[in-house]
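Below you'll find the structure, written out as structure tokens, and then a few comments.
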Number of protein chains: 2
Amino acid sequence: MQPNTFTSSPILTRADTVFTDLRQRIVEGDIFTGSKLSEPELAKHYEISRSTLRDALSRLEGCGLLERKANIGYRVVTLSTEQLLEIFRVRESLEGTACRLAAKNMSKEQIDDLRKLLVIHNQTKSLQQGEAYMQEEGDLDFHFRIVMGSGNKLLIRLLCEELYYLVRMYRFQFGMASPRAKKAFREHENIIQAIEDKDGELAEILMRRHISASRLNVENRMNTL
Amino acid sequence: MQPNTFTSSPILTRADTVFTDLRQRIVEGDIFTGSKLSEPELAKHYEISRSTLRDALSRLEGCGLLERKANIGYRVVTLSTEQLLEIFRVRESLEGTACRLAAKNMSKEQIDDLRKLLVIHNQTKSLQQGEAYMQEEGDLDFHFRIVMGSGNKLLIRLLCEELYYLVRMYRFQFGMASPRAKKAFREHENIIQAIEDKDGELAEILMRRHISASRLNVENRMNTL
DNA sequence: CTTACAAATATTGTCGACAATTATTCTTGA
DNA sequence: TCAAGAATAATTGTCGACAATATTTGTAAG
């Protein structure tokens with residue numbers, strides 16, 4: 001039997017750990033956007049064979065973090081304003097639906113936890129004013145929990161296991177220190193309220209507006225440059 | 001230089017062809033839902049090594065057609081009514097957005113082609129009444145073109161390269177010969193009209209209702225059993 | 001000096017073999 | 001006969017090597 005007895009141990013293979021590590025390095029910009037990955041080099045770095053490295057790489061491709069061309073290899077996706085806007089469109093769509101479902105499916109306990117989270121984020125925000133990044137991570141945490149609360153496994157996979165890594169990548173590398181912090185906080189509160197009231201229709205609308213506002217923010221900034 | 005000169009030849013590797021063939025076999029139910037795939041057996045069947053087979057398998061996992069457990073292997077995803085409903089929810093969301101964007105971005109020519117397609121499908125439908133499957137394929141073709149018309153590459157990837165294969169898999173194996181054929185056709189016409197009118201808001205609403213109706217159809221059928 | 005082509009180098013695609021893990025069969029005891 | 005454990009077989013994870021393709025370097029002609 002496995003080491004840990006009944007915690008449904010998620011057996012970790014070598015490829016798994018390399019996959020996770022590479023994902024973090026890509027998201028955090030330690031491996032540059034658009035750069036080509038050298039299989040021999042990476043395999044040597046992790047002290048594994050190219051086979052298990054390629055296993056990890058193919059999974060990163062599945063997440064949308066890498067692109068692959070036959071006989072040429074993998075490269076990190078290139079971040080562009082266009083792609084960022086596309087992601088916002090998809091988030092607006094999917095998270096709106098997730099929010100509607102969350103209003104129907106989230107338990108009282110889950111909703112309370114979400115409220116507490118919001119309070120904590122608000123406090124730390126006012127305390128250490130400069131830490132824009134942690135604030136953004138808190139924002140994503142909020143969105144993450146709502147998607148989980150939708151109970152729709154497909155939504156969870158698409159958003160939490162794929163898109164959100166791209167989102168974090170943009171935040172790390174573009175630095176989304178938006179001037180929407182206070183507004184966004186209030187919007188979060190209103191969304192929770194709608195969920196608590198089991199008003200799925202309103203919850204969806206509020207979430208869509210919330211994300212749409214971020215997108216417009218980026219579009220405006222782009223046009224003024 | 002490559003054989004074909006400037007048609008941006010998509011170089012086909014062995015893994016590519018096996019990937020495509022396996023995908024079709026899974027979608028069409030030639031490889032059973034929920035069944036475990038034996039790597040040695042498949043490799044022997046295709047006369048390739050396990051390495052290149054695993055390359056193909058990992059890509060199928062990325063498409064959501066296969067699941068993988070460490071030290072146990074790949075198995076075809078199991079189709080369930082719950083998952084089918086989840087897919088409908090996601091389609092409703094994403095295709096609604098795609099339709100809104102299509103109304104903004106599709107060219108006159110693209111729209112005309114779409115109309116012609118609809119006419120053809122309607123004719124063949126009335127001619128060979130029994131062929132429910134081809135009719136369904138035509139439906140998916142319609143949806144496919146609208147997504148392409150959205151111009152959003154992320155949407156295109158998520159829907160055309162992932163979800164639609166799952167949808168086709170359900171149709172093949174559950175046989176969605178719905179009684180909605182005539183209604184669906186009119187709905188398609190109305191959607192095209194909204195797109196032609198550049199009324200994105202209406203186009204989105206119509207598409208969402210169109211897909212929602214299919215979902216409700218499945219839900220009702222499920223409840224009456 | 002630049003361009004076009006050829007040789008050499010490096011990288012990816014593919015292969016077969018071994019190690020680690022899982023599944024099956026066989027044995028043994030009650 | 002059945003159950004539990006050991007031995008065996010089969011499968012997946014990992015490795016290193018070779019073949020096919022792409023990139024770079026080198027060379028020669030214009």
Side-chain angles (χ1 to χ4, degrees), chain A residues 1-23 26 31-32 34-63 65-78, chain B residues 1-23 26 31-32 34-63 65-78:
Chain A
M1 186 172 264
Q2 283 300 319
N4 54 357
T5 314
F6 67 94
T7 56
S8 73
S9 62
I11 302 162
L12 277 203
T13 172
R14 250 169 271 232
D16 286 322
T17 59
V18 172
F19 165 73
T20 305
D21 189 74
L22 274 174
R23 185 176 58 186
I26 293 170
I31 301 178
F32 292 120
S35 66
K36 185 182 172 315
L37 301 185
S38 163
E39 292 182 11
E41 192 179 316
L42 279 176
K44 191 178 161 192
H45 173 270
Y46 284 109
E47 293 179 318
I48 57 177
S49 74
R50 268 183 61 222
S51 305
T52 117
L53 174 73
R54 282 161 70 88
D55 190 343
L57 294 182
S58 71
R59 272 186 265 175
L60 288 167
E61 187 191 9
C63 294
L65 293 176
L66 296 183
E67 291 171 337
R68 184 185 187 184
K69 275 187 188 171
N71 290 316
I72 293 186
Y74 292 94
R75 70 175 51 245
V76 182
V77 292
T78 48
Chain B
M1 184 171 262
Q2 284 298 319
N4 54 355
T5 315
F6 67 94
T7 55
S8 74
S9 63
I11 302 162
L12 277 203
T13 173
R14 248 167 273 229
D16 285 322
T17 60
V18 171
F19 165 73
T20 305
D21 188 74
L22 273 174
R23 185 175 59 187
I26 292 170
I31 301 179
F32 292 120
S35 66
K36 185 179 172 314
L37 301 185
S38 163
E39 292 182 10
E41 192 179 317
L42 279 177
K44 191 178 162 192
H45 174 269
Y46 284 108
E47 292 178 320
I48 58 176
S49 74
R50 269 182 60 222
S51 304
T52 118
L53 174 72
R54 283 161 70 88
D55 190 340
L57 294 182
S58 71
R59 273 186 266 175
L60 288 167
E61 187 190 9
C63 294
L65 294 176
L66 295 184
E67 290 172 337
R68 184 187 186 184
K69 275 188 189 171
N71 289 315
I72 292 187
Y74 292 93
R75 71 174 50 244
V76 182
V77 292
T78 48

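The chains referred to below are lettered A, B, ... by the order of the sequence lines, with proteins before strands, and numbering in each begins at 1. Quick caveat, the model's predicted, so the values are computed rather than measured.
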Heavy-atom neighbours of B:K69 NZ exceed 12 at 6.0 Å:
no

Has B:K44 got more than 12 heavy atoms of other residues, nucleotides or ligands less than 6.0 Å from its NZ?
no

Does anything in residues 42-58 of chain B reach DNA chain D, meaning a heavy atom under 4.0 Å, and if so which residues?
B:R50, B:R54

Note: contacts of residues 14-22 of chain B with DNA chain D (heavy atom, under 4.0 Å) are none

State, yes or no, whether a side-chain contact exists between [X] and [Y] at a heavy-atom distance under 4.5 Å.
{"X": "A:Y74", "Y": "A:L60", "value": "no"}
{"X": "A:L66", "Y": "A:I26", "value": "yes"}
{"X": "A:R59", "Y": "A:D55", "value": "yes"}

If you measure from CD1 on B:I72 to CD1 on A:I11, what distance do you get to the nearest 0.5 Å?
6.5 Å

Could you grab the distance from atom CD of A:E61 to atom OG of B:S58, nearest 0.5 Å is fine?
7.5 Å

How close or far is atom [atom2] of [N] from atom [atom1] of [X], stated in whole angstroms?
{"X": "A:K69", "N": "C:dT11", "atom1": "NZ", "atom2": "P", "answer": "18 Å"}
{"X": "A:E39", "N": "C:dT11", "atom1": "CD", "atom2": "P", "answer": "10 Å"}
{"X": "A:I72", "N": "C:dG13", "atom1": "CD1", "atom2": "P", "answer": "9 Å"}
{"X": "B:L12", "N": "C:dT14", "atom1": "CG", "atom2": "C1'", "answer": "16 Å"}
{"X": "B:I11", "N": "C:dT12", "atom1": "CD1", "atom2": "P", "answer": "14 Å"}
{"X": "A:R68", "N": "D:dA22", "atom1": "CZ", "atom2": "C1'", "answer": "15 Å"}
{"X": "B:N71", "N": "C:dT21", "atom1": "CG", "atom2": "P", "answer": "7 Å"}

Have a look at the helix from C:dC1-D:dG30 to C:dA30-D:dT1 and give the angle its two end axes make, five pairs each, rounded to 10 degrees.
0°

Please state whether the phosphate of D:dT12, meaning OP1 or OP2, lies under 4.0 angstrom from any side-chain nitrogen or oxygen of A:T13.
no

Under 4.0 angstrom between B:K36 side-chain N/O and D:dT12 OP1 or OP2:
yes

Among B:L37, B:L53, B:T17, which one satisfies side chain to side chain contact (heavy atoms under 4.5 Å, CB included) with B:L22?
B:L53

Residue mapping more 5' on DNA chain D - nearest nucleotide basis, A:A70 or B:L37
B:L37

For B:D21 and B:Y46, what are the C-alpha separation, side-chain angles and deciding distance, and is it a side-chain contact (heavy atoms from CB on, under 4.5 Å)?
CA-CA 10 Å; B:D21 188 74; B:Y46 284 108; 2.5 Å; yes

Nearest atoms (heavy-atom pairs only) where B:A56 meets B:A15:
CB-O, 3.7 Å

So, for B:K36 and B:R75, which heavy atoms are closest and what is the spacing to 0.1 Å?
CA-CB, 3.9 Å

